[in-house]
Amino acid sequence: GDRIITIGGCITETVFKLGQGNAVIAVDLSSTIPSNVKELPQVGYIRAISTEGILSLMPDKIITTTDIGPPNVAKQLKESGIDLHILESPHTIEEIKILINDIAEILDAKKQSIKTIKEKNEIDQKIKKIKSNYSTNPKIVFFMNPSKNSYSAAGSKTRADYLINYMGGINIFSKEFEKYKKVTKEEIISQNPEIILIASLQGKNSSHLFLQDTSLQSISAVKNNFIFNIDMGELLSFGPSFASNVLSLINSIDVK
């Protein structure tokens, strides 16, 4: 069979979900699902890929997304003659479905993709139902890799913003800026989020940055300890399990 290298968390997760994981010989650092991919050789991070590392593994196929970088990598891989597929990086539920179908086509796994999308649609409906019962939409803030006195928050045009909307919340900074921006304690206090979501690249728990800071105690999310450390692979790589991971997050927060 084909020797496949998957680059991008959503790609790797989809290939395994479609039952083709045994063909995968290497992945990138953003690939964390399923957990056994951590044992595979790695070819760098999706935005900083090593062409030599890939070529030395002699793959037949490479499947990745438009996030791949640096720019010359895709060019070098194309020129090497390896079967290269660069798919749109998904930013919505609809785009995740497109990705699943595209990969199913490449791998000839139509039956599994129909089943996977059916599962996704059922969970999507469950989430819509839960959201329709909210009395108000909670105000939420998302921080990427925060550290003491340094808070990088998600604005609009981010996957985190989509995540917040999809779970039925309002991103307190979506009207303020696009992408990520460092915000001050004063801004966080004045926006008064009800829920704080934190993603750390190393997966470390950063709740103490808020709970132990005396100047942040007036914030609703801090008072109620509604601070959640989330897994980037599960909630920000937008693979097939995105909807079910959002459902688990909603259930663990138990928004009323």
Only counting residues at least two apart or in another chain, list the ones meeting side-chain hydrogen bond (donor to acceptor under 3.5 Å, both in side chains) with [X].
X	value
Lys120	none
Asn149	Lys185
Thr116	none
Glu178	Lys157

Show your reasoning for whether side chain to side chain contact (heavy atoms under 4.5 Å, CB included) applies to Asn101 and Lys110. CA-CA 8 Å; Asn101 280 325; Lys110 195 75 195 125; 3.5 Å; yes
List in chain and number order the residues that pass ring-ring contact (aromatic ring centres under 6.0 Å, His included) with Phe242, two or more places apart in sequence or in another chain; answer none if no residue qualifies.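 With neighbours one apart ignored, the set is Tyr166, Phe238.
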With Tyr45, which residues qualify under ring-ring contact (aromatic ring centres under 6.0 Å, His included), at least two apart?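 Counting only residues at least two positions away or on another chain, Tyr45 forms no ring-ring contact (aromatic ring centres under 6.0 Å, His included).
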What pairs of residues pass the ring-ring contact (aromatic ring centres under 6.0 Å, His included) test when at least one of them lies in residues 199-221, not counting sequence neighbours?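 Non-adjacent pairs meeting ring-ring contact (aromatic ring centres under 6.0 Å, His included): Phe143-Phe210, Tyr151-Phe210.
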Distance-only polar pair, side chains of [X] and [Y], donor-acceptor under 3.5 Å:
X	Y	result
Ser206	Ser200	yes
Asn229	Ser207	yes
Thr92	Arg159	no

Determine which pairs satisfy side-chain hydrogen bond (donor to acceptor under 3.5 Å, both in side chains) with at least one residue from residues 28-40, sequence neighbours left out, and list them in order.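 Residue pairs with at least one partner in residues 28-40: Thr12-Ser31, Asp28-Ser30, Asp28-Ser31.
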Under the 3.5 angstrom rule, does the side chain of [X] hit a backbone N or O of [Y] as a donor-acceptor pair?
X	Y	answer
Lys182	Ala153	no
Asp2	Ile4	no
Asp108	Ala104	no
Asn137	Gly169	no
Gln191	Asn171	no
Glu187	Thr184	yes

Is it possible for you to say whether Ile33 and Ile100 belong to one hydrophobic cluster, with membership spreading through side-chain heavy-atom contacts below 4.5 Å?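 No; Ile100 is not reachable from Ile33 via cluster members.
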Between Ile172 and Leu216, is there shared hydrophobic-cluster membership here, with clusters defined by ILVMFWY side-chain heavy atoms closer than 4.5 Å?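 Yes; tracing contacts between hydrophobic side chains, which count when under 4.5 Å, links both residues.
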Output a table of donor-acceptor pairs, distance under 3.5 Å, between side-chain atoms of residues 46-58 and any protein atom two or more places apart or on a different chain; print 'none' if there are none.
from	atom 1	to	atom 2	distance (Å)
Ser50	OG	Gly53	N	2.8
Thr51	OG1	Gln76	OE1	2.5
Ser56	OG	Glu52	O	3.4
Ser56	OG	Gly53	O	2.9

Test: Glu122 and Lys126 ion pair at under 4.0 Å: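 Salt bridge: no.
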Scan for salt bridge (charged side-chain N to carboxylate O under 4.0 Å, His left out) pairs involving residues 83-99, sequence neighbours excluded, and state none if there are none.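 As it turns out, the salt bridge (charged side-chain N to carboxylate O under 4.0 Å, His left out) pairs with a partner in residues 83-99, which skip direct neighbours, are Lys61-Asp83, Glu94-Lys97.
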Pairs involving residues 10-21, ordered by first then second residue, that meet salt bridge (charged side-chain N to carboxylate O under 4.0 Å, His left out) (sequence neighbours left out):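 Of all non-adjacent pairs touching residues 10-21, those that pass salt bridge (charged side-chain N to carboxylate O under 4.0 Å, His left out) are Lys17-Glu119.
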For residues 218-227, which side-chain donor-acceptor pairs fall under 3.5 Å, sequence neighbours excluded?
from	atom 1	to	atom 2	distance (Å)
Asn224	ND2	Ser220	O	3.2

